[in-house]
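What follows is a short report on a single structure.
Everything quoted here is computed from the prediction, not taken from an experiment.
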Amino acid sequence: MSDGLTVAVIGTGPRGVSVVERLVTRIGERGPSGPVTVYAVDAFEVGCGRTWRTDQPDELLMDNSTDELTAFSGPSDGGPARPGHGPTFAEWYRASGHTAGVVVGDAVYAPRRAYGEYLTYVFTSVVRHAPEGVTVVPVRDEVLAVTKDERGAYVLSLGSGGRRTADRVVFATGHADVEDGSASGVPAELDAADADFPFLRARPAAEVDFDRVPAGATVGVLGMGLSFYDVLACLTLGRGGRFVRDGGDGTDGGLRYLPSGREPRRIVAGSRTGVPIRVRGVHQRLGVRTYDPVLFTESRVRSLRRPGHGDFAKDVQPWISAEVNVAYFHALIGAERGPGAAESFLGRVRTAQRETADPGQAVLAARDAMGMSRHDPIDVAHWAEPFAGETFRGPDDFERALRRVVRDDLAHARKGNIDDPLKSALEVLRATRNLQRLAVDFGGLSPASHRAFVAGLAQPLSFLSAGTPLVRAEQFLALLDSGHLRVAGPGVRCSWDAASGRAVLTSPQVGGGGTAVDALIDARLPKPDLYRDRSQLTKQLVKDGIWTSYVNSAGGDAFDTGGVAVSEAPYHPVDASGRPDGNLYVLGLPTEHVRWFMQVGVTPPGYACRGLGADAEAVVADLLAA
């Protein structure tokens with residue numbers, strides 16, 4: 001760094017801000033040996049990026065509680081917020097006097113824009129308190145191309161016509177807009193449909209023009225994950241509707257919907273599973289819960305890993321399911337017979353595992369030895385897809401079954417993520433994500449297993465380890481009660497009826513025919529795919545061979561993932577010649593399928609080197625080694 005260093009960070013959401021904060025922090029700790037310039041570039045809002053932009057409405061809630069997040073690499077020490085020291089999101093939120101959001105138990109789920117304000121606060125603190133010799137330059141602009149000049153430096157061509165030159169470039173670009181195609185499950189006719197039919201393509205909810213959906217319309221929604229609840233909120237709360245809590249337990253969910261008259265007459269939703277994403281249990285211990293695996297341990301995962309040959313369904317999945325059931329029976333036994341018996345159960349599991357190669361059988365043997373055989377184990381796949389293989393006579397028949405599933409999930413969630421054995425056990429899927437990644441990332445699976453993992457085997461893990469505040473399930477049931485919501489069913493299909501000029505949603509598992517809708521919203525955020533990415537920057541990087549798609553090609557098979565091929569930490573992109581470019585870094589969503597579950601990017605308070613914090617530290621260490 002004797003001649004100085006210039007770094008460009010493209011994308012300033014949580015990952016980009018984390019890189020900037022840690023880079024400036026580490027330089028301050030060691031002292032710069034030359035001038036350092038950091039360009040922080042974002043096309044949407046510098047400091048918080050696209051997803052967390054600060055102009056979005058309060059009804060768009062976070063799915064993590066405030067106590068689960070920080071963007072400073074160290075705690076507040078009583079001094080001003082600065083690189084390396086500052087408040088957690090919860091501390092900042094309380095001090096800022098925010099009152100919007102939802103309180104569930106002792107946890108607060110803030111509006112998404114509030115986290116954007118916090119990220120901007122962190123970024124501004126870093127800019128203001130950067131050490132001498134370090135300059136952080138905010139650049140609100142779109143990067144159209146990254147090319148090399150005659151000196152080997154990188155030139156960022158900006159949408160405004162300007163340019164920035166950097167020695168190193170960190171890509172933290174986040175969610176991409178992808179071209180529509182047959183893989184999206186949306187009929188091709190919609191691309192040529194009359195402009196009078198509103199088709200709202202998959203985008204973050206803050207960018208969707210919901211005004212195109214008229215009051216009183218029947219609107220179809222594809223997808224029932226986290227973005228689905230954003231759509232519901234925008235079409236109800238965002239139109240002036242209200243959810244009120246009745247005395248006692250109220251309706252199914254404890255809430256009643258009071259319409260404004262400006263919302264759609266009916267929202268018809270559908271997805272692959274036919275159920276909304278599960279809700280999180282009430283937090284009974286704020287902060288990050290640690291979990292020490294008994295069976296699915298790091299040493300176990302390393303022993304299971306067979307790069308290029310691993311079989312997720314055969315080698316890995318049984319250990320994850322067994323670990324979930326260890327936590328489940330541990331909680332059940334603890335509740336019925338006390339902590340001593342629960343610890344005895346864990347000892348029996350370890351003993352049984354040494355006597356059998358089947359981890360599921362080890363758990364059941366320990367369960368039986370504790371006299372708990374009347375309790376069935378958790379079937380993770382069933383909890384993710386409760387209607388798999390079922391058929392229903394008609395919509396009313398299906399809705400009754402759906403209500404039972406959502407009510408049951410809500411009842412478990414209300415008991416808490418410690419007291420309720422089921423919610424406590426499913427938290428294991430969240431707590432062991434890094435171990436799951438260790439098993440599958442960077443070609444840990446055979447091409448065939450990798451393909452199957454991306455196509456469906458990963459779905460229960462992501463579906464059950466994510467989750468949203470339980471108030472969302474209460475709102476879901478209230479909208480069913482009011483008649484403003486209906487679910488078409490599992491395996492939903494969308495077709496185009498040329499005669500009526502409307503889209504039609506049907507479920508092959510629900511009789512009674514389909515439902516024609518006056519508008520259609522795609523609430524499924526697309527998976528990253530280099531071949532379908534609309535970004536001019538991505539197209540240029542691929543064309544020039546700077547970014548390539550990761551192909552798992554072990555043996556005679558090959559699986560082209562569509563994710564950016566990168567090295568292991570610090571995540572240099574692998575160019576068309578097969579070599580990692582040591583001056584470039586790619587973090588997060590563009591690398592999905594090379595790494596797994598990149599849509600989640602948080603750093604928990606007190607765990608500076610977990611989550612995206614670990615990725616940022618790896619990048620910064622490599623930058624400073626120059």
Taking side chain as C-beta onward, heavy atoms only, is [X] less than 4.5 Å from [Y]?
X: Tyr154; Y: Asp581; answer: yes
X: Cys234; Y: Val208; answer: no
X: Glu385; Y: Pro490; answer: no
X: Leu477; Y: Val406; answer: yes
X: His85; Y: Ser76; answer: no
X: Thr12; Y: Leu119; answer: no
X: Arg437; Y: Met598; answer: yes
X: Ser96; Y: Tyr121; answer: no

request  = Test Asp230 against Arg112 for salt bridge (Lys or Arg N to Asp or Glu O under 4.0 Å), laying out the working first.
outcome  = CA-CA 11 Å; Asp230 289 344; Arg112 209 165 290 159; 3.0 Å; yes
What's the separation between atom [atom1] in [X] and atom [atom2] in [Y], rounded to the nearest 0.5 Å?
X: Ser18; Y: Leu23; atom1: OG; atom2: CG; value: 11.0 Å
X: Leu530; Y: Thr561; atom1: CG; atom2: OG1; value: 7.5 Å
X: Glu142; Y: Leu156; atom1: CD; atom2: CG; value: 12.0 Å
X: Thr120; Y: Arg113; atom1: OG1; atom2: CZ; value: 12.0 Å
X: Asp409; Y: Leu470; atom1: CG; atom2: CG; value: 9.5 Å
X: Tyr291; Y: Leu435; atom1: OH; atom2: CG; value: 11.0 Å

Looking at every non-hydrogen atom in both residues, tell me the closest pair between [X] and [Y] and how far apart they are.
X: Val146; Y: Gln540; result: N-OE1, 2.8 Å
X: Ala384; Y: Val275; result: O-CG2, 4.2 Å
X: Thr548; Y: Val574; result: OG1-O, 2.7 Å
X: Phe476; Y: Met224; result: CE1-CE, 4.1 Å
X: Ala202; Y: Arg524; result: CB-O, 3.2 Å
X: Arg50; Y: Asp177; result: NH2-OD1, 3.0 Å

Ignoring hydrogens and geometry, is there a side-chain-to-backbone donor-acceptor pair from [X] to [Y] under 3.5 Å?
X: Glu59; Y: Ala233; result: no
X: Glu91; Y: Thr88; result: yes
X: Asp441; Y: Trp596; result: yes
X: Asp533; Y: Ser535; result: yes
X: Arg430; Y: Ala466; result: yes
X: Glu21; Y: Ser73; result: yes
X: Glu68; Y: Ser65; result: yes
X: Lys527; Y: Val454; result: yes
X: Ser567; Y: His572; result: yes
X: His450; Y: His593; result: yes

Give a yes-or-no answer on whether the side chains of [X] and [Y] include a donor-acceptor pair shorter than 3.5 Å.
X: Asp63; Y: Tyr229; value: no
X: Arg128; Y: Thr124; value: no
X: Tyr115; Y: Asn64; value: no
X: Gln475; Y: Arg472; value: yes
X: Glu45; Y: Thr54; value: yes

query = Between Asp522 and Arg203, does a salt bridge (Lys or Arg N to Asp or Glu O under 4.0 Å) hold up when you go through it step by step?
reply = CA-CA 8 Å; Asp522 193 342; Arg203 299 179 69 83; over 6 Å; no
query = Is the NZ or CZ atom of Arg164 both under 6.0 Å from the centre of the six-membered ring of Tyr39 and within 45° of that ring's axis?
reply = yes
Within 45° cone and under 6.0 Å: Arg595 NZ/CZ vs Tyr571 ring = yes
key: Whether Tyr118 and Phe89 hold their rings parallel, tilted or perpendicular, with breakpoints at 30° and 60°   = tilted
query = Under 30°, 30 to 60°, or over 60°: which ring-plane class applies to Phe243 and Tyr257, parallel, tilted or perpendicular?
reply = tilted
ask   = Hey, is CD on Gln536 packed in by over 12 heavy atoms from elsewhere, all under 6.0 Å?
value = no
query = Taking it one step at a time, do Ile27 and Val620 satisfy side-chain contact (heavy atoms from CB on, under 4.5 Å)?
reply = CA-CA 10 Å; Ile27 293 173; Val620 167; over 6 Å; no
request  = Determine, stepwise, if the pair Trp52 / Met62 fulfils side-chain contact (heavy atoms from CB on, under 4.5 Å).
outcome  = CA-CA 10 Å; Trp52 307 104; Met62 299 184 68; 3.9 Å; yes
request  = Assess whether side-chain contact (heavy atoms from CB on, under 4.5 Å) is satisfied between Leu537 and Leu144, documenting all intermediate values.
outcome  = CA-CA 5 Å; Leu537 173 61; Leu144 301 180; over 6 Å; no
task = Taking the six-membered ring for Trp and the full ring for Phe, Tyr or His, determine whether the centres of Trp92 and His98 are under 6.0 Å apart.
result = yes
inquiry  = Go through it in stages, so that I can follow the logic: the residues are Thr51 and Phe44, the test is side-chain contact (heavy atoms from CB on, under 4.5 Å), and I'd like the CA-CA distance, side-chain angles, deciding distance and then a yes or no.
reply    = CA-CA 9 Å; Thr51 300; Phe44 293 89; over 6 Å; no
ask   = Quick one: do Asp622 and Arg168 make a salt bridge, cutoff under 4.0 Å?
value = yes
